[in-house]
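Working notes for the structure below.
Residue numbers begin at 1 in each chain, while the letters A, B, ... track the order of the sequences. The structure presented is a predicted model; accordingly, all values stated were derived computationally and were not measured.
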Amino acid sequence: MRATNGRLSLLFHRVADRLEISGGATFQVQAYRRLADRVAGMEESLHERWVAGGRLSEVPGIGKAIEAKLDALFRTGTFPLLQRLAQEVPESQLELLHIRGLGPARVRALAEHLGVRDVEQLRTAVETGQLAQVPGFAERTADRVHRSLFEYMSHRGRRLRHLCDGPMDTLLRRLSTCPAAGAVHPVGSYRRGAEDMANLDLVVVTTRPEQIAACLADLDAVEVLDETVSGGTLRDPPDALVPTGSDSGRDRGDAGRQGDAPLPSVRVRFDSGLVAVVRLCPPTIAGGAIAWHTGSRAHNARLRELASAREMSYGPTGLRAGGRPVRSRDESALYAALGLPEIPPELREDRGEIEAALDGRLPQLLRREDVQGDLHMHTRASDGSGSILDMAMAARALGHSYIAITDHTQNVRIANGLTPERAAALIDEVRRVDSQVEGIRILAGLEVDILKDGALDMPEEILSRLDVAIASIHSHFDQPLEEMTARVLKALENPHIHILAHPTGRLIGQRSPLQLDMDRLFQAALQCRVSLEINSNPERLDLDDRHCRIAARMGVPVVISTDAHSTSQLENLSRGVLQARRGGLEPKDVANTLTCGEALAVLRRRG
DNA sequence: GCCGTTTTCGGCCCGACTGTTTTCAGTCG
């Protein structure tokens, strides 16, 4: 295997993680970690530099010690330091670091006192109450670890969507240059717009499957795990082919393994461990195959019932009648054959979309271009990296007609939150910049911290000067349900507050949602006319799709915002839109699809 | 581990706060 920079970066990360758990010097750990990041972003290949006789120690971050280790690695293919560390700290133990509340020291303590070296053992220790025996795990910490373990387990083996975009792009670009490939379709959870996924799934329309397999084998970024592409051409549904048994993780059902005969496939793995399953199908049944591999298990089961009622069957190769494939060149043909309009991929979860389709009341889903403004972002005034003008120009370039500058308030110290004096100055500065730019309106706002007792972290006189006042929680995440609910409701009752940002406080796979009575929250939002945010940060996506659905049903206004801390993060808006689409939201449900004036009228509820 | 150098070793560090300790680990945006 070639020693790409990506692989070297991974190696340095593994060394750093293990050194940390085994109690290595902090600065040594940092040196490896910094180097890992640096190498990942380098244009020049370290290996090629070495081959050409270049000095590695001239690369920033590489000194004499690492140069010698790399020299040995390139000559012998081994990295003895990592081999030694791997014996001390197994891979399974590294995984424990992903659980909030567990750092290297506590992971070490768990191994020393309980012999816990993997997630399953930790779970047992938690469930049997053994955690309390370990120094450093008093009741509250143990409680916390318990909750974050639960959150972690529920997303284990899954990757956040933004980490899958690059690999998906790589595959799409490669396949688009392959002469044997017709249309290339992302399918599976990715196409349904899911926030995280176990693997990538694609369907390639082709009559020459072997050439597709060869094309993927040629791709530097991946390793081919296996393929079930036998010789010849692909004309008829390949019923006789051997199952791949490919999918892994919770999603196992939504692509493959649900029915009869699978399509031939090629499975590849990226350096990050992400697996992609590329399925190959002939044009005649493309619509059925794409639909089958896109729908969730539950959605497909419903389509199968409909097919059965029409004396057809439905499986990986689409519809069959009397044992013969039903032609479906595209998905609309497939749905039409079942008496349905085509259902948008984001809705294919069996959460009411089949009934809606049958009744002719599928929503006209929100589109990215419906959104006219972004009401949550940060600048250098607190913890952002751009100026007011930077953010405004970048937003204008994205087609926004208005934005709100909403920096943090003083209680969020680490984010350089604003005192009332600095907030007042920021408002003046926003007004000044707004008067000088054309083509976009800049609104003055703040992301006001909700304190432990529900009080707001900014005096009324400042709040009353804002166009957009956002309230949100950044501390004391562990309050019990009653306390937390009362805290948030108290903040919503303040008449100056327009929006509740990242309402549940979750970080996907890392931090559980706040213990919050969501029924009462929705009721209060409705009564106070406070909008609830869909935060587009890929680690938050909060509200989630189910909450979006509830909000729309109850008539609680929703706002989709980026919470951008840099100009590039303004592009995350499409992630929030995707979540809204999964929640079935239409433009009318989302306040920032309105013009600036109209949106402000919705926000200024009591005026 | 690396770096810069006052060339042989000290500095490197977001930093205040919390929980659990009695000096420290982990957290927050």
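Comparing A/Val134 and A/Gly103, the nucleotide of DNA chain B nearest to each residue sits closer to the 5' end for A/Val134.
Contact check, A/Arg511 against B/dG29: a side-chain N or O comes under 4.0 Å of OP1 or OP2. Phosphate proximity of B/dT18 to A/Arg144: absent, as no side-chain N or O sits under 4.0 Å from OP1 or OP2. Phosphate contact (OP1/OP2 of B/dG19, side-chain N/O of A/Thr141, threshold under 4.0 Å): absent. Using a 4.0 Å cut-off, some side-chain N or O of A/Lys69 falls inside it from OP1 or OP2 of B/dG1.
One atom, CG of A/Leu97, and another, C1' of B/dG26, lie 12 Å apart when rounded to the nearest Å. Distance, A/Arg38 CZ to B/dC3 P: 7 Å, rounded to whole Å.
Rounded to the nearest Å, the gap between the P atom of B/dG1 and that of B/dT5 is 23 Å.
The side chain to side chain donor-acceptor pair (under 3.5 Å) test with A/Arg18 singles out one residue from A/His13, A/Glu88, A/Gln87, A/Glu91, and that residue is A/Glu91.
Look at B/dT8: it lacks any Watson-Crick or wobble partner with both distances under 3.5 angstrom.
Once rounded to the nearest 0.5 Å, the distance linking CZ of A/Arg380 with CG of A/Asp390 reads 5.5 Å.
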Worksheet entry | Stepwise ring pair (Phe, Tyr, Trp, His ring centres under 6.0 Å) check, A/His502 with A/His474 | CA-CA 10 Å; A/His502 38 79; A/His474 299 100; 5.4 Å; yes
Item to complete: For the pair A/Asn5 and A/Met42, evaluate side chain to side chain contact (heavy atoms under 4.5 Å, CB included) and give the outcome as yes or no after the intermediate values.
Response: CA-CA 8 Å; A/Asn5 282 0; A/Met42 259 176 61; 3.8 Å; yes
